[in-house]
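The sequence lines fix the lettering, A, B, ..., with proteins before strands; numbering per chain opens at 1. If you're wondering where the values come from, they're calculated on a predicted model, not measured in any experiment.
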Amino acid sequence: MARTLITSALPYINGVKHLGNLVGSQLPADVYARFLRARGHEVMFICATDEHGTPAELAAAKAGEPVADYCARMWKVQKDLADGFRLSFDHFGRSSSERNHRLTQHFAARLHEAGLIEEVWERQVYSIADGRFLPDRYIEGTCPNCGYERARGDQCENCTKQLDPTDLINPRSAISGSTDLEVRETKHLYLRQSLMRDRLREWINSKTDWPVLTTSIAHKWLDDGEGLQDRGITRDLDWGIPVRRGTEPWPGMEGKVFYVWFDAPIEYIAATAEWADAHGLDDSAWERWWRTDRGAEDVRYVQFMGKDNVPFHTLSFPATILGSGEPWKLVDYIKSFNYLNYDGGKFSTSQGRGVFMDQALEILPADYWRWWLIANVPESSDANFTWESFQAGVNKDLADVLGNFVSRVTKFCRSRFGEAVPEAGEYGPEEAAVTESLAARLAALTAQLEAIELRKAAAELRGIWAEGNEYLQRAAPWAEFRTDPDRAAAVIRFALNLMRLYGILSRPFIPDASDTILRALGAGDTDWPEDVAAELQKLRPGHGFTTPDLLFAKLDDARTAELAARFAGG
RNA sequence: GGGUCCGUAGCUCAACGGUUAGAGCAGAGCGCUCAUAACGCUUUGGUUGGGGGUUCGAAUCCCUCCGGACCUACCA
């Protein structure tokens, strides 16, 4: 049995994520995971919250909570929202877990033993009022190039010039506004990625099937300027994974923690260990997914992420894995996404612009969002959410095409034959033609899902739904019923079987509606079909069903306009 | 500044260098009456951003210009 390990980029702990975050990794990963499970693959689908770093500390302070409490609370919020969207993670972990502490410290020790860690004294801006070192972007001041007064220490938003914090005129803390800053010496660990440049390049070059978006970013980092740069992997923060060499102290690094971008990807592994712990399994249960010396050599590992995450997943994390000298699983395929915009602009947390996951579920159930988001997933370029587009997608695709098909078939059957699959009549040429057409469409859908071409897959699925309505129009059971009831019975038997097929094929996209359909039909088998002809015989004559309520409600114009106004922000 | 991607019908998007550039939505007409005023059929709509080049053949490859988006290593 094929085995696939799937990880979604980790959502940062700092607040509820918006639809752009959802569609950029977690949701497409879920569709893929559900598809592979239906095909009979053994799947391990992992996600977690990314909890460390300055923004988490600041968000906790703003909320007036200890950072550990804040993260625990926000993890629960994000977990509940993930459940609400039916994200079928095998485990939703936390990068602050004990498992991740141990593994991160273990990797650091291995890298140190391999000579890939360098201790570097550097000078960083310290804010006395805030009692912390300030990351570059948390220092504000006047841009020396254009005079913009709110330039950040890493870059001026106004003239887009890259800056060094010491370039700023009248620097101040972006956190407190304090100008009581000083430059202090502090020692940090650097991962000597530059030593692994050739190994990384060789590895990237072997990935000929990766999207250009992915490999071009990797090559840019490998070869731009002086080539791949070493990278600091520690920070002067309180909240994080203490710097240790495995279980031993790291002399001179007391009070420091690992940088989130070092520990976050390791959480993919640690979360799988957390999964094993949660199920009372021993280490071999998770190691068979991650250790090629312990059973993972036949695992295919697929990562999902937004394009901003690509450098870390193509270079830093692989450098950690390769540098450890241990047989950990490297990623086999990276599926990266562009951004989803909101009505022509960016989603904005600070401006309350766009739709956030909690708000979305208050408006409509998960399936509505899942469908539109996957049908419009930003695969080849940035995509744009508008309420008009969302309304059209929901009303036409879900309500009119799929929902109405289910409704007309079940209601016609109930009124003419009762709530059981009609027994009379035989399938004829009309049914044979539809079966043949659907076999081709199923092959296309399957291929697109295997290739993780989700936009095309959604369009194909919609075509499969529409075929049911086309068939009914041609077969016209309502007309046949008057002259040849047996023929009408055969048509409805076929249509009910189509409905069952739709329930199975739609399952990765709209799992709740799929459940409703299959439960109404008393059909429990959700295996991805191979043989359409056989599949359309599965509901046998006499098999009882119940007529479901409306599968999808429509979004009317007034409601759409109201929502658009409510979420305009500003 | 450097890099990547994109520009195709009113809108959102397709199209291994190879028939007449296709779908969905929107628009128009017709049909059906089982169904959520739903469904089906037909149909209007294109100088593929502009210009030049390579080729028997270009939306696709090259050059250039215009326009848009993103990345650029201490936000994550």
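Among A38(B), A14(B), C32(B), the nucleotide with an atom closest to any side-chain atom of K456(A) is A14(B). The nucleotide whose nearest atom lies closest to any side-chain atom of W261(A) is, among A26(B), C75(B), A76(B), A76(B). Taking every side-chain heavy atom of R482(A) into account, C34(B) is the closest of C39(B), G2(B), C34(B). Comparing U36(B), C75(B), U33(B) by their closest approach to the side chain of R137(A) singles out C75(B). Side chain of A383(A), nearest nucleotide from C13(B), A76(B), C34(B): C13(B).
Here Y259(A) reaches the OP1 or OP2 of A76(B): one of its side-chain N or O atoms lies under 4.0 Å away. Note on K396(A): every side-chain N or O is 4.0 Å or more away from OP1 and OP2 of A38(B). Phosphate contact (OP1/OP2 of U36(B), side-chain N/O of K411(A), threshold under 4.0 Å): present. For C70(B), the OP1/OP2 oxygens have a side-chain nitrogen or oxygen of K346(A) closer than 4.0 Å. Taking side-chain N and O atoms only, R462(A) has a distance below 4.0 Å to OP1 or OP2 of C25(B). Using a 4.0 Å cut-off, no side-chain N or O of Y471(A) falls inside it from OP1 or OP2 of G40(B).
Counting any heavy atom pair closer than 4.0 Å across all strands shown, F405(A) reaches no nucleic acid atom. When heavy atoms are screened at a 4.0 angstrom cut-off, E122(A) is found touching base atoms of the nucleic acid. Using a 4.0 Å heavy-atom cutoff across all strands shown, L551(A) reaches at least one base atom of the nucleic acid. Among the protein residues, P55(A) comes within range of the sugar-phosphate backbone only, with heavy atoms under 4.0 Å from sugar or phosphate atoms but none that close to a base. N384(A) comes within 4.0 angstrom of nothing in the nucleic acid, heavy atoms only.
Classified by interplanar angle (parallel below 30°, tilted 30° to 60°, perpendicular above 60°), the ring pair F347(A)/F356(A) is perpendicular.
At a cut-off of 3.5 angstrom, counting only N and O atoms as typed in the model, there is a donor on one side and an acceptor on the other between the side-chain of Q124(A) and the base of C74(B).
Spacing between U60(B) and C6(B) at atom P, rounded to whole Å, works out to 12 Å. G45(B) and G10(B) are spaced 11 Å apart, taking the P atom of each and rounding to whole Å. Separating the P atom of A14(B) from that of G7(B) is a span of 8 Å, rounded to the nearest Å.
Residue-nucleotide stacking is present for W478(A) and C34(B), judged by a side-chain ring centre under 5.5 Å from the six-membered base ring centre and planes under 30° apart.
Counting heavy atoms from C-beta outward, D308(A) and Y339(A) have side chains that approach closer than 4.5 Å. Side-chain contact between L496(A) and R493(A): absent, with no pair of heavy atoms (C-beta onward) separated by less than 4.5 Å.
The pair R455(A)-E379(A) fails the salt-bridge criterion, with no side-chain N (NZ, NE, NH1 or NH2) lying under 4.0 Å from an Asp/Glu carboxylate O. The existence of a salt bridge linking R559(A) and D556(A) is excluded, since no basic side-chain nitrogen approaches an acidic carboxylate oxygen closer than 4.0 Å.
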